[in-house]
> 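Have a look at the structure that comes next, please.
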Protein chains: 2
Amino acid sequence: MRTTERCSLRDRKRAETTARIEAAAVELVLRDGPDAATVDAISDRAGISPRTFFNYFDSKDSAILGIQPDGGDELVLEERLAAGHEGEDPVVVLVGVVAGVLRTGSGASSRLRRDREAIIRRHPEILGSQLASLSARKTRLLEYAARILSGDVRFPDDADADARAGIVLAMCVAAVKAAFDEWARSAAPVDPQIEERAVALIHTTLRSLV
Amino acid sequence: MRTTERCSLRDRKRAETTARIEAAAVELVLRDGPDAATVDAISDRAGISPRTFFNYFDSKDSAILGIQPDGGDELVLEERLAAGHEGEDPVVVLVGVVAGVLRTGSGASSRLRRDREAIIRRHPEILGSQLASLSARKTRLLEYAARILSGDVRFPDDADADARAGIVLAMCVAAVKAAFDEWARSAAPVDPQIEERAVALIHTTLRSLV
DNA sequence: ATGCGGTCCTGCAAGTTTGCATTACTGCAT
DNA sequence: ATGCAGTAATGCAAACTTGCAGGACCGCAT
């Protein structure tokens, strides 16, 4: 649960404010569309100042999708890394991480999750722009990608390791985006298949390329 | 030459204004840094209103690097496509196109080109953010990628063709970015090698992946 | 309970970017 | 030369985003 994280008053307040912002953002987008859901309006509804909004989220879109700023996914990532990906296909791991970042807020209520699904369906641009800034802003993600690749025997540990990590990460992001787009177009079921679909897309692409 | 494109007065004026904006942007960035080079300052120096600035370029950074808005690279792309890429490796073609978009302004004076090199070296973030928005905003690029891939026998022509095009394009963009980063770090020579380097990076990555 | 150090919230101002409406200019036909 | 239609330039306002500075609040030691 997101609302009773760790017992300090400060932490509780932060969690509550975060939840209020996410709820406000999602409700306003569903009710009035993404253009009418301005930062001012969201902040108003969440009971904070617009300046404070940006202390909680990097952008309007991040708030809508519930993507915590850089430090927030720390947990998700460490978790996945700790979950021993030894011998696993780095592509599978990375696709999982990328999809996981998009799901930072998935500890939230099922109501929120359902609403977000609807939003992504109706306004795919939002997810698109967020995915675009993923590979750009999230240096951390790149570090993790490099770390994962360095744990794979197939990848040499030379000076180009970082460059390769960037390339593989970009591939994974693009695949996740493609999988989401497909899911958004067809009135399909829910997400767990999305990661598998992304991996499958990468594999067929690679098979064609080589 | 960019300043004597097609003889209509209108076209000449447009070309001249474009050139003035690019020159102003580059000079200001070199003199005062990217933060001090505001849109207002650039527009002032170019003798236009700040609003007009955005009729010529999509963003401050695009102006600095001389990247024309979506329609601008039409020519570059058509040219490359016309130059018969039959039987050529789609990766090579795409890397060329991506690098080409970054060089839209390369018809400009050699002075401008040298200054831009210096800017990219000193402020790599600019190139980074531009590359990030490439795969996001440039729908056209994606279309071309799909077209190129559809011309290659190895790629099936099924429903996933667009998804695969997105993945390959993302790979190429990431590779070009990596190649540029490398070039920016080492006090290396000039650009023609960058495309080859990007292709090489992709190939070693693929070899490791499969 | 009080006070201290650190964190958080807020207002303000600057900068980027876009939409809309108004005005000016170019290209072309008369 | 004149006028018309389309295109370009501009001003204006709104929205997003970030840095800075002042004040409020929380956690903790005394």
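This structure is a prediction, so every number in the text was calculated from the model and none was measured. Numbers restart at 1 for each chain; the letters A, B, ... are given by sequence-line order, proteins then strands.
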> Measure CG/Asn55(A) against P/dC9(C) and give the value in whole Å, please.
6 Å
> Any salt bridge linking Arg164(B) with Asp158(B)? Criterion: basic side-chain nitrogen under 4.0 Å from a carboxylate oxygen.
yes
> Do NZ/NE/NH1/NH2 and the carboxylate oxygens of Asp181(B) and Lys177(B) come within less than 4.0 Å?
yes
> If you look at every strand shown and take non-hydrogen atoms under 4.0 Å, does Asp35(B) touch a base, only sugar-phosphate, or nothing?
nothing
> Distance check needed: dG15(C) C1' versus Leu28(B) CG, whole Å only.
15 Å
> Side-chain contact test, heavy atoms from C-beta onward, threshold under 4.5 Å: evaluate it for Val199(A) versus Asp89(A) and give yes or no.
no
> Got Gln68(B) and Phe57(B) here, is their nearest side-chain heavy-atom distance under 4.5 Å?
yes
> Using heavy atoms and a sub-4.0 Å distance, could you list which residues of residues 41-52 of chain A are near DNA chain C? By number, please.
Ile48(A), Ser49(A), Arg51(A), Thr52(A)
> Cationic tip of Arg197(B) within the cone over Phe180(B)'s six-membered ring, i.e. under 6.0 Å and within 45° of the normal?
no
> Return no unless some side-chain N or O of Ser8(B) is found under 4.0 Å from OP1 or OP2 of dT26(C).
no
> In terms of the nearest nucleotide of DNA chain C, which residue is placed more toward the 5' end: Arg10(B) or Ser59(B)?
Ser59(B)
> Between Leu65(B) and Ile120(B), is any pair of side-chain heavy atoms under 4.5 Å apart?
yes
> Start with the C-alpha gap between Leu169(B) and Val98(B), add the side-chain angles, then the distance that decides, and say whether side chain to side chain contact (heavy atoms under 4.5 Å, CB included) holds.
CA-CA 9 Å; Leu169(B) 178 59; Val98(B) 171; 4.0 Å; yes
> Can you give the first and last nucleotides of DNA chain D, 5' to 3', that have an atom under 4.0 Å from a heavy atom of chain B?
dG6(D) to dC12(D)
> Give the rounded distance in Å between these two atoms: CG of Asp11(A) and C1' of dT7(C).
11 Å
> Could you state the NZ-C1' distance from Lys60(A) to dT17(C), rounded to the nearest angstrom?
13 Å
> At under 4.0 Å, does any side-chain N or O of Tyr56(A) touch on OP1 or OP2 of dC8(C)?
no
> What is the distance from CZ of Phe54(A) to P of dC12(C), rounded to the nearest Å?
17 Å
> With a 4.5 Å heavy-atom cut-off, do Arg12(A) and Leu9(A) have their side chains touching?
yes
> With a 4.5 Å cut-off on side-chain heavy atoms, are Trp183(A) and Arg121(A) touching?
yes
